[in-house]
Structure formats: C-alpha cells, structure tokens
Amino acid sequence: MDQLVIRGGKPLRGTIPISGAKNAALPLMVASLLTEDSLTLSNVPALDDIVTMSELLKNHGVAVEDVPGANRGRTLRLTAAPPVSTVAPYEIVNRIRASVLVLGALLARTGEATVSMPGGDAIGIRPIDQHLKGLEAMGAKIELKGGNVIASAPGGLRGATIRFPFVSVGATENLLMAAALAKGTTILENAAREPEVTDLAHCLNAMGATIHGIGTECLVVQGVEALHGAEHAVVPDRIEAGTYAVAAAITGGELVLDGARTDHLGAVFETMGKAGVNVSNGLGKVRVSHPTGRCRGFDVITHPYPGFPTDMQAQFMALMAVADGASLITETIFENRFMHAPELSRMGADITVHGSSAMVRGNPRLRGAPVMATDLRASVCLVLAGMAAEGETVVNGVYHLDRGYERLEEKLRAVGADIRRTQDDRAIVP
Ligand code: EPZ
C-alpha cells in the first residue's frame, strides 16, 4: 500500500499548474457514446478515475486513443462506432460511481442499457433515484434486477419537463445527455449549475445539441436526430485549485495557481478572504498567501454551486484546525462527510461533530501522526494538515488521492513541501 510521508513546517512558495477537472472530464468522456464520430478532449488530467472510465467505455466498444503532443494534460480521442455494447458490468461500476452516467447516453444512442447499481461509498449512500425518475419521465422503462438497472426505450426517449426536488450534479448530467437525442423538448428545472455541468453542456452543443439556459438552474434541451464529433478542452479543476489555495494559507506561504478559473471559485475565495487569507487574481493566475498559516476562525455551510462546495469542506476543516479561533462547518450535501475529523483529531485537532455540523477550535500546534485516508477529499485534507503540523505525518490509503489529484506530491515538492511516497506492505495501524 502506498503511503505519503510528510514533514510539516515548510511555507510553500512558487507556482502550481492547475490540471483539467476530474468531475468535468468524466461526463465529457461519457458524451462520446452519443455519436459515432470522434470526440477529442484536451486538458484531460492523468488520474486513476480517467483510466477506469476509459476501461468502462472500451467495454462499451468505444475506441479511446491518446493523441500525442498535448501541451497541457492528456488529449484523448474517443470514438463510439457501432456496435455499442450496452452493458456496464459491476466490476467496473463499483470502482467509479460516475459509471452511472452511461445510462442516459446509452438509452439515447441505442434505446437500451444494463448498468450495475453503483454502491454507496464513505461519504454517503449515494442513491440514483433522481436519475431513474427523470429517465422514466422521458419514456424509459426501468427495472431493477440482480443489482442491475435494466433500462429500455425501444421507441426512443421523448422530451419531458423534470423538476429536481434537490440539486443533483450527476442526475443533471445524465438527463442532459439523454435529452440531447430525445424527441421533443426537455426542461430540467432546479438543475445543477456546477461549472462541470456547464462544461458538459457546452461540449454537447459543440457536438450539435441544442441546449439553452446553460449556467442557470433551468436547462432547455431541444432534442436532435444525431450528434457529431467535436473538439473540447476540459475546464480547469476548481477543487484542485481551491485545495492548493488552502495549502498556501495553511503553511503561511504564497502560491500562484496557474490556470485557475477565479470565476469558478467565488465562494471559496470569498470565505478564505474573510478568514484573513490574501487572494489576488489576474490573467488566469491566482496568488494566494498568508503570513503565518493561522487564519481567523470562520463559519461555512456547504451548498450547491455557486455556494461553498462540499468538495472543499475537508480542506477547509484542515485550515480551521490551526486557525486563531473557532469555526462551525455545516455539511448540507452528504450525510457522512466528516470522516476526516477523527483523523485530524489524532493530530491534535480540537473538533466536535454534531450531526451535520462540526465545531473546530483552532490549535496552532498540530502534531504529525500516522493517519488513514477514507475518501478523496479527506485524504488531501490530511496532507494539508501534515504540512502544517510539527513532525512527521504518514497518510495511509493514498490510492484515494490518486483518483483525483494529478501528480500531487510532485506539484507540492516543487513549491517546497517535504513530502514523499513510500510503499508499505505491513498491516496499517494508524
Ligand atoms: C458529484 O457527485 C461529484 N462527483 C462529487 O464529487 C460532488 O461532491 C457532488 O457532485 C456534489 O457537488 C462527480 O462529479 C464525479 P449529487 P454526484 O448527485 O453527482 C443525493 C469528489 O470528491 N442524491 O449532486 O454523485 C446524493 O446522495 C466527488 O470529487 C440522491 O439522493 O452528487 C447527495 O447527498 C465526491 N439521489 C446529493 O444528492 C440522486 O438520484 C448530491 O449528490 C442523486 C443524488
């Protein structure tokens, strides 16, 4: 099992390149199923989840080729020439939840799909009822059998008006892809407005779809007969950028985030500014600094975009664990997303969790310790805390990190972090 060994106390200084967004690249790759032409995606991050999604799409008959000579990230050319296989097997789906996004695209393209039900994960049960209800509203017949979703729409999908009872990124993306080829007009109300959803909508329009209201909570899709190929650059990863912004603040350093989209980080940078972090931006670069690493305590509540993102909650908790004062963090999106709190407490953090809220009382003297990562954002939270702590921190379960952070230790070492990856086959006793 890989581990990351971190020695804290080093202020980070320099420039970090921001990669393409994992949560944009995954649905964009699935969109290739909607046409027999080639979809070329640039600025694709080199991540384990991208490899797994490539494996899933190849299982559906999609040719996935690396296009050489990419200047930033990978460039993938995806071609779903007929015949398209319509079965997404458990052994792949259970490795990556975003597999469920093939449902809408397969139904739209072929009129049928058999997709293994994605299980829950560390942060919650993660149901897909909104995905299924929306597809049924569009005329699909859905059967749950043997752990699979068996969906069919032999006469094709038809447009419908669907109002989500709460914001769901995945359900919005799934139904957007289904609606692109449906007969008639689909209206998605209370749709997710995350930049990754917007990126998908722009790509679908470049492929010949007709989507209006992009970036708003009401998406109107006029179905078309067929989509064609396109070339599209994956939007920069706002959560990666936000993570490194916290790294600058928590170590008392100064980082330039090269390629970050500040317009996607409004709530994050506003909150960090109120906590005393200096954030300035211009020409696609954001400079983040803090003189001491000890911000003011500040409260945050997670919300769908454009609110404070749940995917930044764990990182923010690390920053508040060493803050000067107390902070109340309330998680409104997932029911179990404080798994990093007990691990931070092993390092001396003073955190009390009450249901969906955590009270964090800042302690400037975190101590390095062996800790266990439980999910993607919890793992990077522990790396951040390790860089601020005294002594050595060993983060176990690093495979979570490799799913969503491209070359993390390389990027951090380049700006002064004392961090290295080791192999350890002993039983892990954090
Ligand atoms: C996406 O997950 C992201 N993943 C998550 O990022 C992110 O945290 C989440 O959106 C919220 O922003 C990808 O894009 C691959 P949801 P998704 O549907 O689509 C409930 C990361 O760390 N819900 O917006 O699965 C659900 O359980 C990951 O990069 C239903 O009840 O999230 C959750 O409580 C973690 N029924 C809430 O809604 C449904 O049918 C929001 O989920 C769908 C969702």
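Position 1 is the first residue of the sequence; numbering continues from there. Ligands are counted one by one from 1 in listed order, and the atoms in each one are counted from 1 as well.
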Looking only at distances, please establish whether an N/O atom of ligand 1 is found under 3.5 Å from an N/O atom of [X].
X: K22; value: yes
X: I123; value: no
X: G170; value: yes

Sub-4.5 Å side-chain heavy-atom contact between Q222 and I211: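 No - every pair of side-chain heavy atoms lies 4.5 Å or more apart.
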I18 vs D258 side-chain heavy atoms within contact, under 4.5 Å: no
Less than 4.0 Å between a side-chain N and a carboxylate O, is that true for [Y] and [X]?
X: E409; Y: R420; value: no
X: E91; Y: R95; value: no
X: R421; Y: E410; value: no

Sub-4.0 Å atoms of ligand 1 with respect to non-hydrogen atoms of I128: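 Per the distance check, 39 (C), 40 (O).
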Ligand-side contact atoms (ligand 1) for residue partner H131, heavy atom cut-off under 4.0 Å: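 Counting from 1, the qualifying ligand atoms are 40 (O).
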Passing candidate, side-chain contact (heavy atoms from CB on, under 4.5 Å) with M317, options V360, V300, V246: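 It is V360, the one option of V360, V300, V246 that forms the side-chain contact (heavy atoms from CB on, under 4.5 Å) with M317.
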Identity of the nearest option to atom 7 (C) of ligand 1, non-hydrogen atoms only, from T172, D311, T302, V100: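 Heavy atom nearest to atom 7 (C) of ligand 1 belongs to D311.
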Any idea which protein heavy atom is nearest [atom], and the distance to it?
atom: atom 36 (N) of ligand 1; answer: D129 OD1, 2.7 Å
atom: atom 20 (C) of ligand 1; answer: F166 CE1, 3.9 Å
atom: atom 29 (O) of ligand 1; answer: R377 NH2, 2.7 Å
atom: atom 2 (O) of ligand 1; answer: R126 NH2, 3.5 Å
atom: atom 24 (O) of ligand 1; answer: V169 N, 2.8 Å
atom: atom 15 (C) of ligand 1; answer: N23 OD1, 3.4 Å
atom: atom 18 (O) of ligand 1; answer: S168 OG, 2.7 Å
atom: atom 34 (O) of ligand 1; answer: I333 O, 2.6 Å

Sole residue of K22, R337, R238 in salt bridge (Lys or Arg N to Asp or Glu O under 4.0 Å) with D311: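 Single pass found, and it is R337.
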So which bit of [X] gets within less than 4.0 Å of ligand 1, heavy atoms only: side chain, backbone, both or neither?
X: R337; result: side chain
X: L132; result: neither
X: P127; result: both

Close approach, H400 and ligand 1, non-hydrogen under 4.0 angstrom: no
Any E196 heavy atom less than 4.0 Å from ligand 1: no
Any side-chain donor near an acceptor of the partner, T86 and E112, under 3.5 Å: yes
F316 and F308 aromatic centres sub-6.0 Å: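 Ring-ring flag for F316/F308: true, centres closer than 6.0 Å.
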Answer yes or no: is there a donor N or O on one side and an acceptor on the other, between the side chain of [X] and the main chain of [Y], under 3.5 Å?
X: R346; Y: P370; value: yes
X: R109; Y: T35; value: yes
X: N43; Y: A25; value: no

